[in-house]
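So that the names make sense, note that chain A is the first sequence line, chain B the second, and so on, each numbered from 1.
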Amino acid sequence: MAAVRIATWNVNSIRSRVDRVVDWLGRSETDVLLMQETKAKDEQFPFARFEELGYEVAHHGLNQWNGVAIASRVGLEDVSVGFPDVPGWGDPAAPEARAIGATCGGVRAWSLYVPNGRTLDDPHLEYKLQWLETLRAQTAAWRAADPDLPLALGGDFNIAPFDEDVWDMSAFEGSTHVSPRERAAFQAFLDDGLVDVVRPHAPGPGTFTYWDYQQLAFPKKRGMRIDFVLGTPALADRVLGAAIDREERKGKGASDHAPVVVELKD
DNA sequence: ATGGTCGCCCCGCGA
C-alpha cells in the first residue's frame, strides 16, 4: 500500500456540507477523514454518501450540536467513543465535547471536538480544561501500555496555542482559546512527548485553520490555528508532509474550518 | 474573485 493520508476537518454540519466533503474526499486522496461538528444524530448521518466511495464510517452524535466521525478506506476497527470519566460526557443534552477513535490502516486515530469553553468565567471552561486533562492522562496511559503506539489525536482543539496562531492578540484579550490555562492544557500534551505534526510543514505566523464567517474574516486573513493533529513519536516519525487546505474555505457553502492533512509513509 | 455569518430545529443561541 502507498502512503496513508489522514485528515481532520470540522465540517460544521455534515448534512449541509456532504456534497463538498465527499467531493473533497474524491479529489484529495484522503484515506482517513476525522470529522467534527457533524451536527447530526447517528440516524441522520449520510453514511451512504461515504460508503459509495469505498469508505467505512463510524459516527458519534447524540444531538444536533456536535458529533464526530471517522471515515476510512483503509479499515475501521476497534471503534470506541468518549471518555466516560469526564463530567458531562454522554449527557445527550450537553452541546459539548465528543470523541471517537478507531484503528485505521494500523494507526490509532481519534477525532476530537474539544469543548469550546464559551467564556473565561463560564463553567464550560472548567469542563474544557478537565476534559483535556482526562484525555491527556488517558493518552499517556495508552502510551505507557504500548510505547510504539502510532497514535494520532486529530480535531478541533478550540485552543490557539501560540500568539502566532491568531491574527491579532489584542483582539483576544479576555477571550477563551488563548488564555494561559487553555494553552497550558495544550502544552501538557507536547510536554508528554506528543508532536504537532503539521506545524513544521505549515509554519506560521498567519497560518490558520479557522476563519469566522463574520466580518469578511477570511478575505481579511483574520483566522486562528485551532485544528491540530498531535502524534506520538511512532507516528511523527512517519510523517512525510502536512498541509492546511485553505482552498476549501473559499466559496459559497464552505465550512468555517479548512481540512488539515497529514501524509504518512508506511 | 475569497466579499458584510451560519446552521441548528428553534426563530435565539452557540460557535
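With sequence neighbours excluded, no residue forms a side chain to side chain donor-acceptor pair (under 3.5 Å) with A:E51.
Under the 6.0 Å cut-off for aromatic ring centres, A:W110 and A:W142 qualify, their centroids lying closer than that.
The nearest heavy atom of DNA chain B to A:R246 and to A:I14 marks one nucleotide each, and the one closer to the 5' end goes with A:R246. For A:K41 and A:P219, each mapped to the nucleotide of DNA chain B holding its nearest heavy atom, the one lying further toward the 5' end belongs to A:P219.
For B:dC8, the OP1/OP2 oxygens have no side-chain nitrogen or oxygen of A:R17 closer than 4.0 Å.
Taking the C1' atoms as reference points, B:dG7 lies 25 Å from B:dA1, given to the whole Å. Annotation: B:dC9 and B:dA15 have their P atoms spaced 15 Å apart (nearest Å). One P atom belongs to B:dT2, the other to B:dC8, and the distance between them is 24 Å to the nearest Å. Taking the P atoms as reference points, B:dG4 lies 28 Å from B:dC10, given to the whole Å.
Rounded to whole Å, the distance from CZ on A:F45 to P on B:dC8 is 14 Å. With rounding to whole Å, A:E247 atom CD is found 8 Å from B:dT2 atom P. Look at NE2 on A:H124: it is 10 Å from C1' on B:dG14, rounded to the nearest Å. Residue A:N10 contributes atom CG, which lies 13 Å from atom C1' of B:dG14 at whole-angstrom precision. Whole-Å rounding puts the A:N12 CG to B:dC8 P distance at 8 Å. Atom CG in A:D156 sits roughly 17 Å away from atom P in B:dG14 (whole-Å rounding). A:F172 places its CZ atom 13 Å from the C1' atom of B:dA15, with the value rounded to the nearest Å. When rounded to the nearest whole Å, the span between CZ of A:F218 and C1' of B:dA1 equals 11 Å.
Within the structure, ring pair (Phe, Tyr, Trp, His ring centres under 6.0 Å) pairs that include any residue of residues 228-266 of chain A comprise A:F157-A:F228, A:F186-A:F228, A:Y210-A:H257 (at least two apart or interchain).
Side-chain atoms of A:N116 lie closest to B:dA15 of the nucleotides B:dA15, B:dG7, B:dG3. Nearest nucleotide to the side chain of A:K39, out of B:dT5, B:dC9, B:dG14: B:dG14. Comparing atom distances between the A:Q44 side chain and each of B:dC9, B:dG7, B:dG14 picks out B:dC9 as nearest. You'll find that the side chain of A:L216 is closest to B:dG4, out of B:dG4, B:dG7, B:dT2. In the set B:dG7, B:dA15, B:dG3, the nucleotide with an atom closest to the side chain of A:R118 is B:dA15.
Checked for salt-bridge contact, A:D19 and A:R49 meet the test: a charged N lies under 4.0 Å from a carboxylate O.
Scanning residues 204-214 of chain A for heavy-atom distances under 4.0 Å to DNA chain B yields A:Y213, A:Q214.
Residue A:R249 is classed as having no contact, given no heavy-atom separation below 4.0 Å to the nucleic acid.
A side-chain donor from one of A:D245 and A:W24 sits under 3.5 Å from a side-chain acceptor of the other. Judged by distance alone, the side chains of A:N116 and A:K128 never bring a donor and an acceptor atom under 3.5 Å apart.
Side-chain contact between A:V21 and A:L33 is present, with heavy atoms from C-beta onward closer than 4.5 Å. Using a 4.5 Å heavy-atom cutoff, the side chains of A:E248 and A:W9 are in contact.
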